Amino acid sequence: MQNDNLKSYLNLHLIVFIWGFTAILGALITITADALVWYRMFFAGIFLALFLIFKKKSFKIPLKSFLKLIFVGLLIALHWILFFKAIHVSNVSITLSVFSLGAFFASILEPIFYGRKVLWYEVFFGLIIIAGLALIMKVEINYLDGMIYALASIILGVLFTLMNGKLIVDHDPSMISFYEFLAGVGFITIHFLFEGKFTADFFILTTNNWILILVLASICTAYAFTASVKVMQKLTPYTVMLTTNLEPVYGIVLAYFILGGKEKMSFEFYIGALIIVLTVILNGVIKHYQKSKTKEDTSTLSK
């Protein structure tokens with residue numbers, strides 16, 4: 001069990017690294033945020049459908065769960081639209097830095113969703129993350145819109161992460177992701193139909209955009225999103241959300257080398273990034289210590 005938890009934790013870090021690369025793709029793909037999310041969820045849904053068929057898994061799901069997945073799919077679609085919008089109006093560094101607030105929101109909302117008491121160290125770590133965020137961001141008025149979009153995006157991200165934490169108990173991760181992506185595509189399609197955006201030009205993309213979209217939909221979405229849902233079988237939503245605070249570190253480093261000087265990091269970034277990394281490690285150490293202590297206490301009582 002302990003090895004399974006470690007494997008899930010390491011896998012989560014790989015997923016977060018991939019998510020950091022997602023921001024780079026969002027900056028490189030030259031279409032609007034809502035169109036980008038439509039293509040992302042459409043192709044990711046196809047990849048997952050093929051995977052479910054290959055694995056001979058059932059698509060059947062209770063109506064009550066299906067309705068929940070539709071709602072979560074809407075949250076995910078809005079979350080990604082706001083995420084890419086934030087990147088387009090500011091940059092990768094600002095957007096990913098604001099995402100560090102996710103752990104703080106999770107520490108507040110998770111006890112409400114799961115009916116447990118608030119753990120003091122989770123709130124404390126959330127506040128430390130905010131301190132790290134303050135050091136990472138160069139708060140400039142030109143980036144205010146981007147920060148607002150990113151803030152709205154991460155709040156929605158926390159909400160659907162918590163909801164998926166409950167859904168994973170009874171359903172396969174691939175099936176959860178498939179129906180959520182299907183719902184997201186459905187909502188955006190309805191929006192596009194009302195706005196008259198489904199024209200011939202909508203489906204005319206450059207070769208570069210097609211390649212990047214397929215990478216985004218397959219590796220960064222179908223795989224990473226499903227895998228992130230699966231690790232929640234072993235890890236708590238708070239630990240998942242706290243670990244995703246490494247996404248700014250991975251993403252901004254990648255942005256510096258791929259996008260160039262406009263993503264150049266300041267000295268404050270390194271300090272802030274160090275704070276975030278140490279917080280993530282400390283959270284893991286404390287949780288491991290508490291689980292070990294609980295097992296020892298249980299073992300003592302059973303003797």
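Worth saying up front: this structure is predicted, and the values here are computed from it rather than measured.
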Requested in this report: Establish, from distance only, whether the side-chain atoms of Thr199 and Asp201 form a donor-acceptor pair under 3.5 Å.
Outcome: no
Query raised in the report: Between Ser65 and Asp170, does any side-chain donor sit less than 3.5 Å from a side-chain acceptor?
Result: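 The answer is no; no qualifying pair exists.
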Report task. Could you check Asn91 against Ile94 for side chain to side chain contact (heavy atoms under 4.5 Å, CB included), going step by step and ending with a plain yes or no? Result -> CA-CA 6 Å; Asn91 61 31; Ile94 291 296; 3.4 Å; yes
Taking every non-hydrogen atom, the tightest pair across [X] and [Y]:
| X | Y | value |
| --- | --- | --- |
| Ile128 | Ile275 | CG2-CG2, 3.4 Å |
| Ser90 | Gly146 | OG-CA, 3.8 Å |
| Ser174 | Leu52 | CB-CD2, 3.6 Å |
| Ala49 | Phe59 | O-CZ, 3.9 Å |
| Ala183 | Gly73 | CB-CA, 4.2 Å |
| Phe178 | Leu48 | N-CD1, 3.7 Å |

[X], [atom1]: over 12 other non-hydrogen atoms inside 6.0 angstrom:
| X | atom1 | value |
| --- | --- | --- |
| Phe194 | CZ | no |
| Phe202 | CZ | yes |
| Phe198 | CZ | yes |

Report summary line: Residues passing the side-chain hydrogen bond (donor to acceptor under 3.5 Å, both in side chains) test with Thr22, sequence neighbours excluded, are none
Would you say [Y] ends up clustered with [X] if hydrophobic residues are merged whenever their side chains have heavy atoms under 4.5 Å apart, either directly or through other cluster members?
| X | Y | result |
| --- | --- | --- |
| Ile87 | Ile31 | yes |
| Leu151 | Leu75 | yes |
| Leu74 | Leu193 | yes |
| Leu36 | Ile190 | no |

Measure the shortest side-chain to side-chain distance between [X] and [Y] over non-hydrogen atoms and say whether it is less than 4.5 angstrom.
| X | Y | answer |
| --- | --- | --- |
| Tyr39 | Leu205 | yes |
| Ile81 | Ile188 | yes |
| His13 | Tyr250 | yes |
| Glu180 | Asn164 | yes |
| His79 | Leu159 | no |

Would you compute the distance between atom [atom1] of [X] and atom [atom2] of [Y] and round it to the nearest 0.5 angstrom?
| X | Y | atom1 | atom2 | value |
| --- | --- | --- | --- | --- |
| Phe51 | Ser177 | CZ | OG | 10.5 Å |
| Met175 | Lys55 | CE | NZ | 16.0 Å |
| Thr95 | Ile154 | OG1 | CD1 | 11.0 Å |
| Met163 | Leu109 | CE | CG | 12.0 Å |
| Leu96 | Leu254 | CG | CG | 9.5 Å |
| Thr32 | Lys85 | OG1 | NZ | 8.0 Å |

**Report entry** Centroid separation Phe43 to Trp38 less than 6.0 Å
**Finding:**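 Ring centroids of Phe43 and Trp38 are no less than 6.0 Å from each other.
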Query raised in the report: Aromatic ring centroids of Trp80 and Phe181 under 6.0 Å?
Result: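 Centroid distance Trp80-Phe181: below 6.0 Å, so yes.
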Query raised in the report: Where do Phe187 and His191 land on the side chain to side chain contact (heavy atoms under 4.5 Å, CB included) test, with the steps shown first?
Result: CA-CA 6 Å; Phe187 282 117; His191 168 68; over 6 Å; no
Query raised in the report: Can a salt bridge be assigned to the pair Asp34 and Lys197 using a cut-off of 4.0 Å between side-chain N and carboxylate O?
Result: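 Salt bridge: yes.
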Which atom pairs, one a donor and one an acceptor, fall under 3.5 Å between side chains of residues 210-223 and the rest of the protein, sequence neighbours left out?
from: Ser218; atom 1: OG; to: Leu214; atom 2: O; distance (Å): 2.7
from: Ser218; atom 1: OG; to: Val215; atom 2: O; distance (Å): 3.4
from: Thr221; atom 1: OG1; to: Arg40; atom 2: NE; distance (Å): 2.5
from: Thr221; atom 1: OG1; to: Arg40; atom 2: NH2; distance (Å): 3.3
from: Thr221; atom 1: OG1; to: Leu216; atom 2: O; distance (Å): 2.6
from: Tyr223; atom 1: OH; to: Asn11; atom 2: OD1; distance (Å): 3.3

Report summary line: Residues passing the salt bridge (charged side-chain N to carboxylate O under 4.0 Å, His left out) test with Lys57, sequence neighbours excluded, are Asp172
